[in-house]
Amino acid sequence: MATTPTVVLLPVWGAGHLTPMLEAGSRLLACRGDHVLSLTVLVMPPPSQQQAAEVDAHLLREEAAAAAGHGHAIRFVRLPAVDPPTDHQGPVEFVSRVVRLHLPHVRSALSGLGCRVAAILLDLFCTEMLDVARDLAIPSYIYFTCNAAALSFFLRLPSLCAEVDGEFAAMDGAVDLPGLPPVPSSALPVIVMDRTKPCCDWYAYHGRRFTDANGGVVVNTAADLEPRALAAVAAGRCCAPGVPPPKLYPVGPIISFDSSPSPPPGDECVRWLDAQPAGSVVFLCFGSGGYFTAAQAHAAARGLERSGHRFLWVLRGPPAAPGDRRPTDGDLDELLPDGFLDRTKHRGLVWPTTAPQKAVLAHAAVGGFVTHCGWNSVLEALWHGVPMAAWPRYAEQHLNAFALVADVGAAVAMEVDRDRDNFVEAAELERAVRALVGGEDEEGRKAREKAKEMMAVCRRAVEDGGSSAAALKRLCDDIVFNSKCTVEVKQSS
Ligand SMILES: O=c1ccn([C@@H]2O[C@H](COP(=O)(O)OP(=O)(O)O[C@H]3O[C@H](CO)[C@@H](O)[C@H](O)[C@H]3O)[C@@H](O)[C@H]2O)c(=O)[nH]1
């Protein structure tokens, strides 16, 4: 058996989960520098062809970098394909059930690695794997790709479900989420709003199980970015009575920057920005699952046009098939009002496919970001000090939007109609865009100030001596220490 113990990562395949987890793994190894640990990534084949192609491209880049001697030794172990469930009622149920199908594959992969497993880091939707880790005596950690506010919610949800009869939307008053100002039910994640669907139960299940990770929970946030939510979680105020809080490692922002010398796909967006004045452009982009119907795209186009401001708009179309969540490349003729592109061509660019978001947010021409509030997007914006307008669409994003506005303060709120698939009217987008880059609006001014302040907070956290750098080092030391105490993983028959 090889002597170098390995840290195993088990990410799910979505871009918002896979990329930050791989980056966290690389940074974990880099912070020791003495090659005392190696990295193994167990890859669950993504259920759709499009996602499989994206994941493959990503892994190939990582493998090429490892082969070229950049970074540390990473081994990718591809797990066998499974037949994904077709009778699911939502994404969280779907992902969780696919993960369940992989339980035997993960067990045999861990047993067959041929080296000691120092720790396993599990995506937040992989909590069922905690049983496998326990059986094999492997120290386990949850890698939480969302923020501390969402962690507070996940941990609180099991008791909330017991306290509230019926739908959360029908509740009188706000929800007490420790570490946050009182949360209106309209800011709870869309996923839990229909309690007759299994997604709410799955969320509660994962939240309940986080405390079973005997190593703790690694969170992609920074101590000074969400101090109140982190303190509430650490103090055990979110868990059910008698349940000890998880040990926390706030190691963020973990952002993976493309270090490839060749320009990223979609580089034309960045070149278009080169020709725009500093701080003048509003960037609109909605994550890996955000798409527009024609009605919504028409309203947004009217809002952008009336704002009079410059914009770079990533406009994706609805998924190709019912039940599919992946946006398609936007058919601009179908989605946009007649003549819109022509009328705005001197000040706007509509981009119909994935854009190089990190490079865009880093560009001096960008003065504001209309975002779905996916946590990676938020961290990328804060890293560059870009103020946001919060337009949540799916997953836990409504809670992120609330926390960003009411707690962090780096975003202006937007009126989003949850009953109409998070529709935003033209006038509302126009107002938000003017607030972000217009200069006059008080809410916009505060968001700009806070975004700059949080940029400094985020950068300081990951520098040598910063709180996140220290948490990462602590995590690494704890893994090394624990690995010396664990028994060798037995080869299963
Ligand atoms: O045109 C695009 C669109 C996205 N991205 C990148 O894709 C990632 C998107 O991540 P995120 O902003 O977190 O959004 P989602 O893909 O929607 O992420 C999922 O995972 C996140 C972390 O768990 C959650 O916060 C989200 O709500 C959930 O939907 C970011 O790195 C973006 O830079 C691009 O580069 N170009």
Side-chain angles (χ1 to χ4, degrees), residues 11-24 46 51 54-55 57-58 90-92 94-95 122-126 142-151 153-154 189-192 199 203 206 217-221 252-258 264-270 283-292 312-317 325-330 349-363 366 369-384 386 388 390-404 422:
V12 300
W13 46 88
H17 291 248
L18 177 79
T19 320
M21 197 163 176
L22 293 186
E23 179 67 26
Q51 283 174 314
E54 283 169 16
V55 168
H58 193 88
V92 174
F94 178 76
V95 173
L122 301 166
D123 182 88
L124 65 116
F125 293 129
C126 296
I142 299 297
Y143 186 75
F144 196 73
T145 47
C146 311
N147 55 10
L151 181 58
F153 175 73
F154 264 94
V190 273
I191 283 171
V192 302
C199 283
Y203 242 52
H206 293 306
V217 177
V218 184
V219 201
N220 194 0
T221 193
I254 298 283
I255 302 173
S256 107
F257 292 101
D258 192 351
D267 188 46
E268 296 91 305
C269 295
V270 180
F283 176 50
L284 301 94
C285 189
F286 302 91
S288 52
Y291 64 85
F292 280 62
L312 169 54
W313 178 12
V314 180
L315 176 56
R316 314 293 309 278
R325 284 184 62 237
R326 308 285 302 162
T328 48
D329 284 356
L349 177 64
V350 184
W351 190 252
T353 186
T354 308
Q357 176 168 301
K358 283 170 245 184
V360 169
L361 288 169
H363 202 287
V366 172
F369 181 23
V370 180
T371 171
H372 70 313
C373 302
W375 187 238
N376 296 288
S377 293
V378 169
L379 289 176
E380 290 159 17
L382 293 178
W383 185 259
H384 294 292
V386 178
M388 287 160 273
W391 183 349
R393 315 291 295 265
Y394 51 96
E396 87 297 7
Q397 292 150 18
H398 292 77
L399 183 62
N400 296 350
F402 172 78
L404 254 186
N422 304 303

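Whatever order the structure lists ligands and atoms in, that order sets their numbers, starting from 1. We number each residue from 1, following the sequence as shown.
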Exercise for review: Using distance alone, determine whether Thr353 and ligand 1 share an N or O pair under 3.5 Å.
Suggested key: no
Review point. Any N/O of Gly287 closer than 3.5 Å to an N/O of ligand 1?
Key: no
Revision key, fill the gap. For Gly90 and Cys199, the nearest pair of non-hydrogen atoms, with its separation, is CA-SG, 3.7 Å
Exercise for review: Find all atoms of ligand 1 within a distance of less than 4.0 Å from any non-hydrogen atom belonging to Ser377, and give their numbers and elements.
Suggested key: 11 (P), 12 (O)
Practice item. Hey, can you tell me if Phe125 and Tyr203 have their rings parallel, tilted or perpendicular (30° and 60° cut-offs)? Key: tilted
Practice item. Check whether any heavy atom of Gly14 sits under 4.0 Å from an atom of ligand 1. Key: no
Exercise for review: Test Leu361 against every option in Lys358, Gln357, His363 by the side-chain contact (heavy atoms from CB on, under 4.5 Å) rule and name the one that passes.
Suggested key: Gln357
Revision key, fill the gap. Atom 34 (C) of ligand 1 has as its nearest protein heavy atom Ala355 O, 3.3 Å
Check your understanding: Does the protein put any heavy atom within less than 4.0 Å of atom 7 (O) of ligand 1?
Key -> no
Practice item. May I ask you to decide if the ring planes of Phe369 and Phe283 are parallel, tilted or perpendicular, using 30° and 60° as cut-offs? Key: parallel
Practice item. Answer side chain, backbone, both or neither: which part of Ala395 comes under 4.0 Å from ligand 1, heavy atoms only. Key: side chain
Check your understanding: Short list, please: which atoms of ligand 1 are under 4.0 Å from a heavy atom of Cys146?
Key -> 23 (O)
**Study point:** Heavy-atom nearest neighbour in the protein, as seen from atom 33 (O) of ligand 1, with distance rounded to 0.1 Å
**Key:** Glu380 OE1, 2.7 Å
Practice item. Go through ligand 1 atom by atom and flag the ones less than 4.0 Å from a non-hydrogen atom of Trp375. Key: 13 (O), 24 (C), 25 (O)
Study note, to complete from the structure: So the atoms of ligand 1 within less than 4.0 Å of a heavy atom of Thr145 turn out to be 22 (C), 23 (O)
Point to revise | Contact atoms of ligand 1, heavy-atom distance to His17 under 4.0 Å | key: 20 (O), 23 (O)
Point to revise | Atoms of ligand 1 close to Cys285 [distance to a heavy atom under 4.0 angstrom, numbered from 1] | key: 1 (O), 2 (C), 3 (C)
Review point. Going by distance only, is there an N or O of His372 that falls short of 3.5 Å from an N or O of ligand 1?
Key: yes
Review point. Tyr394 near ligand 1, heavy-atom distance under 4.0 Å?
Key: yes
Practice item. Measure the distance from atom 18 (O) of ligand 1 to every protein heavy atom, then report the residue, atom name and distance (to 0.1 Å) of the closest one. Key: Gly16 CA, 3.7 Å
Review point. Taking Ser377 as the fixed residue, which of Thr371, Leu382, Asn400 is the one that meets the side-chain contact (heavy atoms from CB on, under 4.5 Å) rule?
Key: Thr371
Review point. So which heavy atom in the protein is nearest atom 28 (C) of ligand 1, and how far is it from that ligand atom?
Key: Gln397 NE2, 4.0 Å
Check your understanding: Gln357 to ligand 1: N or O pair under 3.5 Å?
Key -> yes
Practice item. Quick one: closest heavy-atom pair of Glu396 and Pro189, and the distance? Key: CA-CB, 3.7 Å
Review point. Quick one: does Trp375's side chain have a donor or acceptor within less than 3.5 Å of a partner on Val378's backbone?
Key: no
Exercise for review: Please step through side chain to side chain contact (heavy atoms under 4.5 Å, CB included) for the pair Leu124 and His17, ending with a clear verdict.
Suggested key: CA-CA 9 Å; Leu124 65 116; His17 291 248; 3.9 Å; yes
Check your understanding: Is at least one protein non-hydrogen atom found at under 4.0 angstrom from atom 2 (C) of ligand 1?
Key -> yes
Check your understanding: Would you say atom 24 (C) of ligand 1 touches the protein, meaning some protein heavy atom is under 4.0 Å from it?
Key -> yes
Point to revise | Protein contact to atom 27 (O) of ligand 1 [nearest heavy atom, distance to 0.1 Å] | key: Glu396 OE1, 2.6 Å
Exercise for review: Scan side-chain atoms only and decide if Thr221 and Asn147 contain a donor-acceptor pair under the 3.5 Å cut-off.
Suggested key: no
Check your understanding: Which protein heavy atom lies closest to atom 15 (P) of ligand 1, and at what distance to 0.1 Å?
Key -> Ser288 OG, 3.5 Å
Check your understanding: If every non-hydrogen atom of Trp391 is compared with every non-hydrogen atom of Cys373, which pair is closest and at what distance?
Key -> N-SG, 4.2 Å
**Study point:** side-chain hydrogen bond (donor to acceptor under 3.5 Å, both in side chains) partners for Arg326, two or more places apart
**Key:** Glu54
Review point. Minimum heavy-atom separation for Val219 to Ala148, with atom names?
Key: CG1-N, 4.2 Å
Practice item. Have a look at Phe286 and tell me which of Tyr291, Phe292, Trp313 forms a ring pair (Phe, Tyr, Trp, His ring centres under 6.0 Å) with it. Key: Phe292
Review point. What is the minimum heavy-atom distance between Pro20 and Asn376, and which atoms define it?
Key: CG-OD1, 3.4 Å
Review point. What residue and atom, counting heavy atoms only, is the protein's closest point to atom 21 (C) of ligand 1, and at what distance?
Key: Asn376 ND2, 3.9 Å
